[in-house]
Amino acid sequence: MASVSVFANISQAPEDPILGVTVAYNKDSSPHKLNLGVGAYRTEEGKPLVLDVVRRAEKLLVSDISLKKEYLPITGLADFNKSSAKLILGSDSPAIQENRVATVQCLSGTGSLRVGAEFLKKHYNQHTIYIPSPTWGNHPKIFMMAGLSVKTYRYYDPATRGLDFEGLQQDLSAATSGSIVLLHACAHNPTGVDPTLDQWEHIRKLMRSKGLLPFFDSAYQGFASGSLDADAQSVRMFVADGGECLAAQSYAKNMGLYGERIGALSIVLTSADVARKVESQLKLVIRPMYSSPPIHGASIVATILNDREMYHDWTVELKAMADRIISMRKQLYDAMCAKGTPGDWSHIIKQIGMFTFTGLNPEQVAFMTSEYHVYMTSDGRISMAGLSSSKVTHLSDAMHAAVTRV
Amino acid sequence: MTTAKAIRRGLATYVTYRSYFLDSSSKRMMSTWWRRVEPAPKDPILGVTEAFLADRHPHKVNVGVGAYRNDDGRSVVLECVREAERVISGNTNMEYLPMGGNQTFVEETLKLAYGDESEYISNNKIAAVQTLSGTGACYLFAKFQRRFQSNSRVYIPIPTWSNHHNIWRDAQVPQRSFHYYHAESRGLDFPSLMDDIKNAPSGSFFMLHACAHNPTGVDPSEEQWREISYLFKIKNHFAFFDMAYQGFASGNTEKDAEAIRIFLKDGHLIACAQSYAKNMGLYGQRVGCLSILCENELQALAVKSQLQQIAGSMYGNPPLHGSLIVSIILTNPDLKKLWLKEVKGMADRIIDMRIALRENLENLGSSISWEHITNQIGMFCFSGMTPEQVDQLTDRYHIYMTRNGRISMAGVTTGNVRYIAEAIHKVTRS
């Protein structure tokens with residue numbers, strides 16, 4: 001007798017909209033097709049890139065037969081954790097020197113956000129998190145699955161294609177005291193719109209006066225401006241005032257370690273004693289989920305960060321990636337201007353990081369896909385990393401057509 | 001350092017701003033946020049290794065955590081793994097895996113559990129995703145169970161790996177236990193086990209160790225597995241297999257999958273967690289698989305999509321490196337052969353140490369029966385020692401193990417087996 005499944009009534013979950021773009025792209029046979037969907041860096045030739053310094057690190061690791069490959073501690077590779085905290089907070093950070101930072105290795109940015117959220121659900125007395133509108137599609141799911149309730153604060157202004165600073169301040173002012181607030185440390189995903197340092201200062205003051213708890217998502221440090229320190233300013237400002245915050249870091253983009261799932265969660269506390277207790281509780285969050293994090297990516301990152309020469313070489317390769325993207329922005333902007341496409345396209349060069357929020361609507365996006373084989377998410381976001389010089393003309397043609405005909 | 005000084009220090013290093021000082025009310029608010037956070041208790045298993053590492057005694061022995069050691073007491077990286085890593089290093093891109101993981105890896109892994117020629121694989125009836133080793137597979141299943149069978153509980157054997165309790169508790173699935181270990185015989189309490197299966201409400205979820213039960217090393221016989229499977233059919237129970245030691249128990253991967261194959265033959269729609277931590281020595285890579293056998297391909301696709309959703313909000317997609325090692329080894333006939341040989345080598349060494357430990361104890365004239373050392377199978381031996389005896393073993397003889405009396409046989413070597421036997425004999429003599 002055939003068995004009946006206890007899960008027979010399960011319905012198919014919807015596909016991830018971002019990954020769905022690549023699926024559709026792969027199916028397209030046109031020689032002109034262009035994938036501007038997922039945020040993974042591509043070279044001028046449109047190829048994925050493994051950083052040279054990463055290759056060197058891997059070779060070192062493979063040839064060192066004395067290296068143990070056993071379980072990492074629950075909190076991950078100690079050297080990696082120390083270096084990661086220094087990278088985001090600054091090697092001179094008083095918080096680090098005073099042992100007030102609890103850092104745990106996690107599975108890239110996603111894993112760091114989730115572990116942080118689970119910890120907050122268990123140990124923090126406020127269970128509401130405010131996320132910017134819009135934000136990365138996975139953010140609300142991560143926090144909801146951790147049991148937090150998710151609200152939004154205004155962020156992007158479609159009229160200016162810039163920051164809705166007024167709206168942001170109003171919404172954070174109205175938030176319940178003590179609420180958690182998600183902040184993109186730099187290179188906001190999907191809009192590419194970042195507050196200025198002055199605006200960050202206002203945000204900091206406002207949040208501290210309301211006792212709002214900052215939770216930074218730092219997925220693009222070094223990738224936005226090309227400078228690791230500049231891209232960490234927002235986080236460091238909050239730490240410098242002596243207050244507490246959480247920061248999730250990812251090495252997916254800035255070290256090209258996407259698939260290795262390597263990141264870190266750092267929680268900055270007011271005392272070393274609290275930091276120790278917090279770390280012990282973070283272990284209890286992690287242990288049932290996966291016991292301990294994966295070793296490979298952590299070893300690569302630790303090797304690079306702790307070797308002066310390799311660290312330097314990394315910064316050079318990182319800057320080159322950031323510069324190529326900045327160059328693509330300029331080229332696209334120039335092409336739009338040359339065409340005389342109606343509208344103000346300066347946001348292309350004002351926005352920062354991997355993505356440009358073009359301002360195109362879903363109909364225009366669908367038109368670009370069907371007529372020009374340009375693949376992007378329906379919110380009008382394009383990954384500049386997927387663009388190369390040879391494709392700029394094609395893209396600007398497509399955008400021009402979308403704007404004038406749809 | 002005063003707050004003011006810290007702030008000035010921070011400012012001087014990075015930015016030149018007007019100095020900012022927190023007002024006293026926000027400072028107060030912030031300092032109370034974490035006041036109630038208690039220091040967490042140490043993990044009982046991992047705490048053992050910590051204590052071992054801190055001990056400076058020359059004869060100290062670690063038979064605590066279940067990581068394989070060779071006869072020199074050293075950790076091992078398998079030759080097949082080194083070979084695979086040489087192939088991988090510097091030669092591949094590191095893009096995101098699909099949400100369900102490395103598909104080649106998943107397919108090869110399913111073959112190990114379900115059989116090379118399994119029709120379930122060829123008919124796409126298995127929903128399977130790459131997970132963060134066995135822990136990740138169990139956790140993903142527990143979350144999935146909570147979501148889609150929200151009224152169910154899970155029956156867990158007494159005793160079991162301690163993290164099993166954390167996993168299902170964290171997933172908010174209520175736990176019940178079923179009898180398993182028989183203390184007097186240091187074997188299986190089969191009658192009570194069958195009673196518990198019978199008395200559980202129909203359609204209950206059971207977590208079963210497929211082979212090499214952790215921590216007892218006590219496995220049902222083939223005949224007993226058949227009877228368990230039969231009773232499961234009558235009661236319409238759900239069987240979730242945690243298989244963390246395939247190949248490691250008997251030395252033969254097919255034999256170690258026997259329980260699963262019996263259940264499959266009886267038509268059960270099982271779920272299975274697989275790990276390569278021990279049998280491929282990939283502990284730190286966190287590579288494993290969760291599979292759920294469904295009625296048909298469409299159902300498997302739906303289930304897989306839901307598993308991916310749950311995993312997606314936890315860590316996005318699984319880590320690449322370990323999955324590449326496994327798929328390179330399993331798809332290369334020479335490397336696969338080498339792996340099977342190396343797994344058998346590890347299992348054989350452990351079996352030899354079981355024999356040696358038992359013989360040593362018997363030769364010392366112990367009046368206690370130590371048969372169970374060789375009856376039990378896999379990495380662990382449930383010695384039958386009490387927590388107090390274990391404490392003496394640690395305090396007097398610097399032998400480290402978990403207080404439930406579990407000995408990790410992987411930590412026993414020809415070099416230390418006599419010392420261990422003498423110590424055990426001394427603390428159990430009275």
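What you see below is based on every heavy atom in this structure, not just the backbone, and it leaves out hydrogens, waters and symmetry mates. Below, chain A is the first sequence line, B the second, and so on; all start at residue 1.
Looking at Ser292(A), both its backbone and its side chain come within 4.5 Å of chain B, counting heavy atoms on both sides. The contact between Ile65(A) and chain B is made by backbone and side chain atoms together, counting heavy-atom distances below 4.5 Å. In this structure, the portion of Lys278(B) lying under 4.5 Å from any heavy atom of chain A is its side chain and not its backbone. For Val115(A), no part sits under 4.5 Å from any heavy atom of chain B, backbone or side chain. Only the side chain of Ile300(A) has a heavy atom closer than 4.5 Å to any heavy atom of chain B. Contacts between Ala252(A) and chain B at a heavy-atom distance below 4.5 Å involve the side chain alone, from C-beta outward. Heavy atoms closer than 4.5 Å to chain B are found nowhere in Pro73(A), neither backbone nor side chain.
Dense packing is recorded around CG of Leu53(B), with more than 12 heavy atoms of other residues, nucleotides or ligands lying under 6.0 Å away. Atom CG of Asp64(A) has more than 12 heavy atoms from other residues, nucleotides or ligands within 6.0 Å.
Between Tyr276(B) and Phe105(B), the distance separating the two ring centers is shorter than 6.0 angstrom.
Using a 4.5 Å heavy-atom threshold, the side chains of Leu282(B) and Val81(B) count as touching.
Put simply, of Leu320(B), Asn236(B), Ile292(B), Ile167(B), the one with the most heavy-atom pairs under 4.5 Å next to chain A is Leu320(B). When each of Pro318(B), Gly284(B), Cys138(B) is checked for heavy-atom pairs under 4.5 Å with chain A, Gly284(B) comes out on top. Among the candidates Arg169(B), His164(B), Glu85(B), Lys304(B), the residue making the largest number of heavy-atom pairs closer than 4.5 Å to chain A is Glu85(B). Looking only at heavy-atom pairs under 4.5 Å with chain B, the residue among Lys283(A), Arg261(A), His139(A), Arg114(A) that has the most is Arg261(A). Heavy-atom pairs under 4.5 Å with chain A peak, among Phe144(B), Tyr68(B), Phe205(B), at Phe144(B). Comparing Arg55(A), His296(A), Lys141(A), Glu58(A) by how many heavy-atom pairs each has under 4.5 Å with chain B, the most go to His296(A). In terms of heavy-atom pairs under 4.5 angstrom with chain B, the leader among Gly256(A), Ser291(A), Ala232(A) is Ser291(A). Contacts with chain B were tallied for Leu257(A), Leu72(A), Val6(A); Val6(A) has the most, counting heavy-atom pairs under 4.5 Å. Note: Glu70(A) leads Glu70(A), Met145(A), Lys59(A), Lys47(A) in heavy-atom pairs under 4.5 Å with chain B. Chain B forms the most heavy-atom pairs under 4.5 Å with one residue out of Gly263(A), Ala8(A), Ser271(A), and that residue is Ala8(A).
Without hydrogens or angle criteria, Arg286(B) side chain to Pro319(B) main chain gives no donor-acceptor distance under 3.5 Å. Side-chain atoms of Asn138(A) do not come within 3.5 Å of backbone N or O of Gly316(B) as any donor-acceptor pair.
The CD1 atom of Ile286(A) sits 7.0 Å away from the OG1 atom of Thr75(A) when rounded to the nearest 0.5 Å.
Every residue meeting the salt bridge (charged side-chain N to carboxylate O under 4.0 Å, His left out) condition with Asp273(A), not counting sequence neighbours, appears here in chain and number order: Arg276(A), Lys277(A). Applying the side-chain hydrogen bond (donor to acceptor under 3.5 Å, both in side chains) rule to Gln12(A) yields no partners; only residues at least two apart in sequence or on another chain are considered.
Residues Arg236(A) and Ser93(A) have side chains that never bring a donor and an acceptor to within less than 3.5 angstrom of each other.
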